[in-house]
Amino acid sequence: MAEWQSSAAVSLLLLLLSAFIPPAASEAAGGLLRWASTLHNLPQSNISTWPRAAANGSPCNFVGVSCSAAGDVVRLNLTNSGLNGTLQAFPFSSLPNLTHLELSVNLLTGSIPPEIGLLANLVDLDFSLNQLSGRIPPEIGRLANLQVLHIVENRLTGAIPDEIGRLESITELALYENRLTGPIPSSIGNLTKLARLYLYSNELSGPIPPEIGHLSTALTELFIDTNQLSGPIPASFGNLTKLTTFFIFDNNLSGAIPDEIGNLESLQYLSLHTNNLSGPIPPGIGNLDSLADLELSDNRLTGTVPASIGNLQNLEILFLRVNNLSGSIPDSITNLTKLTVLQLDTNNFTGDLPDTLCGGIQNLTVHSNNFSGSVPTSFKNCTTFIRVRLEDNQFTGNISEDFGIYPNLQYLDLSRNNFHGEVSPSKWVSCPNLATLRISGNRVTGEIPGPIGNHPKLQALDLSSNQLVGQIPLELANLTSLVKLQLSGNQLSGPIPLEIRSLTKLDSLQLASNRLNESIPGSLGELTQLNDLNLSNNQFGDRIPEQLGRLVHLSTLDLSRNSLTGAIPSQLTSLSSLEFLNLSRNSLSGSIPNGFAQIPLHTVDISHNRLQGPLPTSPEFRNASMEELEGNDGLCGGSNVVQPCNATDNGPTKNRNLRRFLFRNPRGQQDHEQQVLLAPGFDTKIMYSDIVTATDRFDPAHCIGRGGYGTVYRATLPSGIIVAVKKLNCSDDSSEDDESHKEFLREVEALTEIRHRNIVKLYGFCSQSNHSFLVYEYLDRGSLASVLSQDNSGARELDWGKRLNIVRGVAHALSYLHHDCAIPIVHRDVTSNNVLLDRDYEAKVADFGTAKLLSSDSSNWTTQAGTRGYIAPELAYTMRVTEKCDVYSFGVVALEVIRGSHPGELVLSLASSTEEEAAAAVVSLDDLLDRRLARPVPGFRQELENVVRIAALCLNVDPQFRPEMRLVCEMLSKGHKRKVTRGRQ
């Protein structure tokens with residue numbers, strides 16, 4: 001606005017104020033106006049009207065200003081007023097009577113000035129939800145009248161000053177979600193009027209000061225969770241008899257839970273989870289008869305569950321999971337009639353569950369223990385069940401008699417127990433909300449009932465490893481939401497129903513080790529979302545249907561141990577995502593299609609057939625073992641375990657493949673003399689002959705990796721520099737002309753211009769009549785996928801800090817490619833195999849073999865790229881490739897880094913359409929964490945939770961709702977704002 005256009009205008013206004021307004025008011029108004037003139041974006045703020053108001057009277061007319069009857073400014077409330085600037089020019093000395101200073105939800109930056117201590121009459125101070133940084137000034141201890149101090153969700157660093165203990169009038173202290181470090185000052189124990197203390201989500205360390213136990217007069221809420229606190233829980237906390245909420249989870253606390261905890265007679269919420277607490281659960285915990293939520297999971301607790309826990313008749317949530325607890329569950333637990341969530345999994349419990357256990361339980365998780373005996377008889381009538389996990393125990397009983405009808409049930413897993421009986425249609429079919437039913441690894445008999453097809457919401461059905469007989473019912477085709485169908489390891493017979501083509505969302509079809517026969521239906525080719533297809537060890541005959549070549553997302557194809565005949569269909573070479581191929585022990589004949597050389601297979605087994613002719617030239621076939629090739633007397637080729645072919649058999653093909661990369665040398669040099677075209681700034685001369693010599697003419701002994709677009713070799717140049725050389729696979733397309741080749745060269749040249757710390761440097765390239773290759777920087781650690789797949793000690797080296805840094809690095813790399821290159825670039829194959837790690841585990845995105853410069857006419861490509869499990873779902877029905885495809889792949893990789901393995905079906909559960917739904921869909925972080933690592937310290941844990949939330953947004957099935965990568969980077973650096981419903985709002 002015009003009022004703020006010059007300092008001269010401000011000076012004139014101040015002169016007018018001094019003439020017509022009392023001195024104190026004039027000083028206050030002038031000070032406020034001077035501060036306001038230092039702020040930015042004032043036209044959008046609430047204080048843009050201040051100059052006009054000042055011209056008509058005192059500062060008491062300013063928006064946000066309240067005055068006493070005497071005309072003194074006593075309150076300044078500019079919450080959510082669009083303030084953008086610092087507090088350095090704030091008129092602290094001009095506002096001596098100020099009692100309330102509320103500047104929350106703005107864009108204030110910089111530090112809190114020490115002049116804050118001049119506001120001696122201040123009662124309420126709120127700087128929350130800004131971007132303030134630096135330390136809390138010790139002068140804040142001069143505010144002897146202060147009752148409420150809120151400086152939450154800023155960027156404060158350093159220690160909480162000891163002077164905070166001088167605020168003897170304070171009732172509420174909130175400093176959560178900053179970056180505060182150091183110990184909690186023991187002087188806090190002096191604040192005897194303190195009712196609410198919120199210090200969570202910082203980086204505070206050291207022991208909890210026992211002096212907090214002195215706050216017995218008023219303290220009702222204590223939140224010091226999600227920090228790095230260590231040592232024991234002080235026994236003095238037993239004095240806090242008015243405490244209603246005690247959150248101390250996500251720290252590094254150790255030692256036993258003190259018996260004195262049983263003195264907290266007012267306690268309603270107690271959360272000690274995710275620490276290193278040991279010893280038994282103290283029996284005195286049963287004295288907390290007001291307790292509604294008890295969370296002791298993810299510790300090292302031992303011993304049995306005390307019978308006194310049955311005294312907690314107001315308890316609604318009980319988490320004891322992931323400890324070392326043992327013995328049986330006390331019958332007294334059935335007294336907890338208000339209990340809705342009971343999680344006892346991953347302990348060493350034995351014996352039976354109490355027979356009358358039910359009440360109003362909705363979520364029951366007791367998997368991974370040693371429970372035995374029948375399930376409680378009360379389960380028949382437990383109509384409140386929503387999620388039940390009993391897997392990996394030793395339960396017995398009849399599944400058709402011991403369970404009831406559950407109208408709200410969504411998830412049931414009874415796998416790997418000793419249940420028997422039949423799958424009763426009257427039971428499970430009457431659970432209309434059932435989405436997951438797993439009963440694998442039991443002794444279930446009978447046929448699969450047709451009415452099970454009346455489950456429109458069923459997404460996963462696992463009846464594998466039982467004793468089921470009969471045919472696959474046609475009614476399964478009605479399960480149109482089904483993603484996983486696992487029926488392997490039974491005695492099913494007959495054909496695969498043609499109607500199964502209706503299951504278009506199916507990701508995994510597992511029918512191995514049955515007695516299925518007749519032909520494999522070609523209609524399986526319509527299940528275009530399939531990633532895994534296993535029909536092995538059955539009695540299928542006839543030919544492999546060529547329609548299977550339509551399954552472009554297929555990663556695993558196992559048709560072994562059947563009676564299949566005829567040739568391998570050439571259409572299978574279209575399975576560009578295929579990694580595992582097993583066609584062994586059939587009666588296949590003819591030659592192996594050459595197109596398999598272009599598929600990045602990891603494992604291939606074609607043994608015990610009647611195949612003949614040359615092996616495909618890819619390393620997967622050339623390096624296959626005797627066991628993977630034996631039993632095919634007519635095979636030949638470049639493998640050590642089969643006879644060589646006639647030298648003329650594949651010569652013309654080889655020449656045709658290399659014709660695409662024929663290089664016209666402008667300098668007239670011979671091939672062996674030609675210098676590699678280098679990227680700008682790389683001053684080491686690289687000759688073609690150097691590369692050939694360093695790799696012993698691309699001998700497999702120098703190979704360090706393979707992919708669909710080439711093989712990577714390690715080469716040490718004469719200068720001593722180690723580089724990675726990617727020898728490109730060549731196309732069979734002899735029609736490609738010089739202009740296409742020039743376009744390829746132009747694109748590679750553009751890639752040599754890319755410079756980013758998280759992108760593998762492309763030093764140069766060479767295109768020859770003998771070999772075409774790219775020269776990259778060499779990275780010691782190899783791929784992220786290989787590091788994550790190492791044994792426990794290797795994976796532990798990749799700790800949580802390094803993993804979070806990897807996620808950030810990949811995000812920054814993709815953001816650079818999408819938004820900071822002269823012409824945006826879409827990678828198109830973001831996977832853990834294409835993220836390399838340097839010596840310090842810094843992530844670098846590699847392999848632009850599938851990348852494409854994103855110009856105005858390149859949003860639709862006719863060839864599909866990418867790797868199964870990482871490809872955005874829209875590519876199943878459209879070939880339109882955009883940056884949002886990379887965003888989806890990033891979401892998968894981010895989860896893989898946290899989990900230590902590919903997230904699998906978890907990807908589907910996290911795909912939501914809004915941020916709120918994505919946050920709600922995030923499963924417990926404890927179920928995601930790589931269990932080879934120790935539990936993360938609180939600061940890392942909060943960041944990991946943030947990564948999961950962001951990954952959920954990136955995995956949205958609708959690409960328009962996925963965030964851009966630059967926004968992802970921003971969210972990773974700032975973190976999502978944690979919605980807080982506790983404390984003063």
Side-chain angles (χ1 to χ4, degrees), residues 600 619 658 661 663 665 669-730 744-745 747-787 809-810 813 816-817 825 827 829 831-851:
L658 293 173
F661 293 105
F663 184 80
N665 186 350
Q669 296 170 308
Q670 297 298 315
D671 283 353
H672 69 279
E673 296 176 344
Q674 185 188 341
Q675 182 172 334
V676 175
L677 180 59
L678 297 176
F682 189 76
D683 57 3
T684 297
K685 185 178 180 181
I686 302 179
M687 303 300 293
Y688 170 83
S689 59
D690 295 336
I691 298 294
V692 173
T693 301
T695 59
D696 292 333
R697 294 191 174 274
F698 300 101
D699 188 277
H702 296 275
C703 175
I704 58 175
R706 299 183 180 90
Y709 296 86
T711 304
V712 184
Y713 299 84
R714 184 182 187 272
T716 303
L717 301 178
S719 63
I721 294 177
I722 301 175
V723 294
V725 180
K726 182 170 187 177
K727 187 164 75 73
L728 300 173
N729 294 337
C730 300
F744 162 77
L745 294 178
E747 290 187 4
V748 176
E749 284 187 80
L751 293 178
T752 63
E753 300 290 339
I754 290 177
R755 283 294 179 268
H756 189 278
R757 64 175 295 175
N758 295 116
I759 295 179
V760 172
K761 293 183 180 68
L762 176 60
Y763 291 149
F765 66 96
C766 184
S767 185
Q768 285 286 348
S769 58
N770 293 327
H771 301 296
S772 296
F773 53 78
L774 304 171
V775 182
Y776 291 97
E777 67 172 315
Y778 175 76
L779 296 173
D780 296 357
R781 303 286 183 182
S783 72
L784 172 63
S786 65
V787 174
V810 175
Y816 172 85
L817 292 175
I825 296 175
H827 188 287
D829 194 19
T831 71
S832 57
N833 274 311
N834 288 335
V835 175
L836 305 184
L837 304 178
D838 67 11
R839 185 180 300 274
D840 298 321
Y841 293 95
E842 183 81 16
K844 293 178 182 284
V845 174
D847 199 345
F848 291 87
T850 59

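Computation of the quantities below employed the complete heavy-atom set of this structure, encompassing side-chain atoms and omitting hydrogens, waters and symmetry-equivalent molecules. Keep in mind that this is a model prediction, so the values were computed, not measured.
Ala724 approaches Glu777 most closely through the heavy-atom pair CB-O, 3.9 Å. The shortest non-hydrogen separation linking Leu836 to Ser783 is CD2-CA, 3.7 Å. The heavy-atom pair separating Ala694 from Thr716 by the smallest distance is CB-O, 3.6 Å.
Within the model, atoms OH of Tyr778 and CZ of Arg714 stand 4.5 Å from one another, a figure rounded to the nearest 0.5 Å. To the nearest 0.5 angstrom, Tyr763 atom OH is 9.5 Å from Leu717 atom CG. Between Ile759 atom CD1 and His827 atom NE2 the span is 8.5 Å, to the nearest 0.5 Å. Between the NE2 atom in His756 and the NZ atom in Lys844 there is a gap of 9.5 Å [rounded to 0.5 Å]. Between Arg757 atom CZ and Glu842 atom CD the span is 4.0 Å, to the nearest 0.5 Å. Atom CG of residue Asp690 and atom CD1 of residue Ile721 lie 11.5 Å apart, to the nearest 0.5 angstrom.
For His702, the side chain to side chain contact (heavy atoms under 4.5 Å, CB included) test picks out Asp696, Asp699, Tyr713, with sequence neighbours left out. Shown here are the side chain to side chain contact (heavy atoms under 4.5 Å, CB included) partners of Pro700, two or more places apart in sequence or in another chain: there are none.
With hydrogens and angles ignored, the 3.5 Å screen pairs a side-chain donor or acceptor of Asn758 with a backbone N or O of Ala843. A distance-only check finds no donor-acceptor pair linking the side chain of Ser786 to the backbone of Gly782 [under 3.5 Å].
Both tests hold for Lys727 against Phe698: distance to the six-membered ring centre under 6.0 Å, angle to the ring axis within 45°.
When Asn834, Leu784, Val810 are each tested for a side-chain contact (heavy atoms from CB on, under 4.5 Å) with Val845, only one passes: Val810. Each of Val760, Ile722, Leu837 was scored for a side-chain contact (heavy atoms from CB on, under 4.5 Å) with Leu779, with one residue passing: Val760.
A 4.5 Å side-chain heavy-atom check between Lys726 and Tyr776 finds at least one atom pair inside the cut-off.
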